[in-house]
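Presented below is the structure to which this report refers.
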Amino acid sequence: MPELPEVETTRRSVEPDLLDAVVVSASVRRPRMLRRQPHARDFADRLVGRRIGHVGRHGKFLKTELEGDITWVTHLGMSGRVSLARAGDPEVAHTNVIVGMDSGVEFRLIDPRTFGFVAAYTPEDLEFSSLAALGPDALDELPSSGRLHAALENRSAPIKPTLLDQRILAGLGNIYADEALSRAGIAPQRPAQSLERPEVVRLRRAIKGTLAAGLRYGGTSLDDLAYLLPDGRAGEYVKRLRVYGREGEPCRTCGTPIRREVLRQRSTHWCPRCQS
DNA sequence: ACCTCCCTGGCC
DNA sequence: GGCCAGGGAGGT
C-alpha cells in the first residue's frame with residue numbers, strides 16, 4: 001500500500017495558506033453554523049479586514065488568531081471538512097462557510113450535517129466558550145501517566161466514554177478512543193478508576209501511537225468520505241484500523257471476531273481476547 | 001453523571 | 001421507511 005506523505009492538517013497544510021493573509025470576506029450560508037456566536041453578525045464583522053496570525057488547534061477545535069485579539073474558531077462536528085480553494089473555484093454541495101483572503105485563497109467549510117460551527121471570539125467570549133473547559137491536548141500536551149491516572153481515579157464510568165470526555169483529555173473521538181484501547185489491551189467497559197498504573201502507562205502510549213499513526217496515514221476517511229484532507233485526498237488510516245468498524249472481522253492479532261456494543265450511545269469495538 | 005437532541009445523507 | 005453515522009450542548 002502506498003505510503004502517504006506525512007500530513008498534519010492544521011500546521012503543514014492549512015497554515016501556510018492562511019498565515020499573514022488578510023480576510024476580505026466572510027459568508028455563512030447556513031445560519032445554524034453560527035449558533036456558537038452570541039451575535040451572528042459579529043462573525044463577519046470581526047474577521048473582515050483583519051490579518052491572520054497563528055493557526056493552531058486545541059483538541060478538535062481549530063483556532064486561528066487574528067490581529068486585535070480575535071480568535072476564529074472552527075469545529076468540524078461529525079461531517080465537516082475544510083477545503084482550501086481559490087476564489088471562483090466551483091463549490092461542492094454543503095459549502096456552508098466561505099472566508100476569503102486577500103491572497104485569493106478561500107477557506108471553505110463543507111458540512112452536510114451542520115454539527116460543525118464557526119465563531120469569532122473576543123478573549124471574554126473564549127472564557128465562556130466550551131474551549132475554556134477543554135483538558136490538555138491529547139497530541140501536544142499529553143499528560144504523564146501519573147497525571148492521567150489521577151484524572152481517571154475517581155471515575156466510575158467505563159474507560160471508553162471517559163476517553164471521549166474532552167474536559168479530561170481533548171482530541172480523542174470515537175474511532176481513536178476504540179483504537180487506543182485496542183492498542184493498550186484494555187476492554188472499553190472497564191471502569192476508568194479500575195485501571196492499574198501499568199495499564200494507564202500502556203494507555204498513554206497507545207493514545208500517542210494511535211494519534212501519530214492516524215496523522216501519518218492522513219486520518220480516517222470512512223466510506224461516506226465526510227472527512228477528507230484539505231487538498232481533497234482521502235485519509236488512508238481506515239485501512240489500518242484495528243477494531244473500529246470491524247465487527248465480526250478477525251482481530252489482526254489473534255483472529256477472534258471483533259465485537260461491537262453501544263456504550264453511552266456510542267458505537268464501541270474491541271477484541272474480547274486481546275482486551276481485558 | 002447520564003440521556004436527548006440537533007441535522008442530513010447513505011445504506012439496508 | 002428506518003436506522004446509522006467521526007460530536008457536543010443542554011436539560012434533568
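First the proteins, then the strands, lettered A, B, ... as listed; each starts at 1.
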Contact state string [nucleotides 3-12 of chain B, B base, S sugar-phosphate only, - no protein heavy atom under 4.0 Å]: SB-BBBS---
Separation of atom CG in Leu241(A) from atom P in dG6(C), rounded to whole Å: 12 Å
P gap between dC3(C) and dT4(B), integer Å: 15 Å
Sugar-phosphate, base or nothing in reach of Tyr176(A), heavy atoms under 4.0 Å: nothing
Touch class at under 4.0 angstrom, heavy-atom based, for Arg266(A) against every strand present: base
Rounded distance in Å - CE (Met33(A)) to P (dG7(C)): 16 Å
Residue-phosphate contact under 4.0 Å: Ser267(A) side-chain N/O, dA5(C) OP1/OP2: yes
Min side-chain heavy-atom separation Glu199(A)-Arg190(A) under 4.5 Å: yes
Where DNA chain C forms stems, i.e. three or more consecutive Watson-Crick or G-U pairs with both distances under 3.5 Å: B:1-6 with C:7-12, B:8-12 with C:1-5
Sugar-phosphate, base or nothing in reach of Thr220(A), heavy atoms under 4.0 Å: base
Sugar-phosphate only, base, or nothing, as touched by Ala157(A) at under 4.0 Å among non-hydrogen atoms: sugar-phosphate
Of the listed nucleotides dG10(C), dG6(C), dG7(C), the one nearest the side chain of Leu222(A): dG6(C)
Residue pairs fulfilling ring pair (Phe, Tyr, Trp, His ring centres under 6.0 Å) with at least one residue in residues 188-216 of chain A, sequence neighbours excluded: none
Would you mind writing out the side-chain donor-acceptor pairs for residues 203-214 of chain A within the sub-3.5 Å range, not counting sequence neighbours?
| unit_1 | atom_1 | unit_2 | atom_2 | d |
| --- | --- | --- | --- | --- |
| Arg204(A) | NE | Pro143(A) | O | 2.6 |
| Thr210(A) | OG1 | Arg183(A) | NE | 3.3 |
| Thr210(A) | OG1 | Ala206(A) | O | 2.6 |

Heavy-atom neighbours of Arg35(A) CZ exceed 12 at 6.0 Å: yes
Touch class at under 4.0 angstrom, heavy-atom based, for Ser156(A) against every strand present: nothing
P atoms of dC7(B) and dG11(C), separation to the nearest Å: 15 Å
Presence of Gln166(A) side-chain N/O under 4.0 Å of dG8(C) phosphate oxygens OP1/OP2: yes
Euclidean distance, atom CE of residue Met78(A) to atom C1' of dC3(C) [Å, nearest integer]: 13 Å
Donor-acceptor under 3.5 Å (Thr162(A) side chain, Pro158(A) main chain): yes
d(CG, Leu163(A); P, dG8(C)) in whole Å: 13 Å
Residue pair Thr122(A) / Asp125(A), side-chain donor-acceptor N/O under 3.5 Å: yes
Sugar-phosphate only, base, or nothing, as touched by Arg155(A) at under 4.0 Å among non-hydrogen atoms: sugar-phosphate
His75(A): ring pair (Phe, Tyr, Trp, His ring centres under 6.0 Å) partners, not counting sequence neighbours: Phe61(A), Phe117(A)
Distance, rounded to the nearest Å, where Leu169(A) contributes CG and dG8(C) contributes P: 12 Å
P-based separation of dG8(C) from dG10(B) [nearest Å]: 23 Å
Atom pair distance, as rounded to whole Å: CG in Asn174(A) and C1' in dC4(C): 13 Å
Any donor-acceptor N/O pair, Gln275(A) side chain to Cys271(A) backbone, under 3.5 Å: yes
Summary of side-chain hydrogen bond (donor to acceptor under 3.5 Å, both in side chains) pairs that have at least one residue in residues 264-273 of chain A, sequence neighbours excluded: Lys160(A)-Thr268(A), Asp178(A)-His269(A), Arg260(A)-Ser267(A), Ser267(A)-His269(A)
Atom-to-atom span, CZ of Phe61(A) to P of dG6(C) - whole angstrom: 17 Å
Rounded distance in Å - CG (Leu263(A)) to C1' (dC4(C)): 17 Å
Hphob cluster co-occupancy, Phe115(A) + Val82(A), side-chain heavy atoms under 4.5 angstrom: no
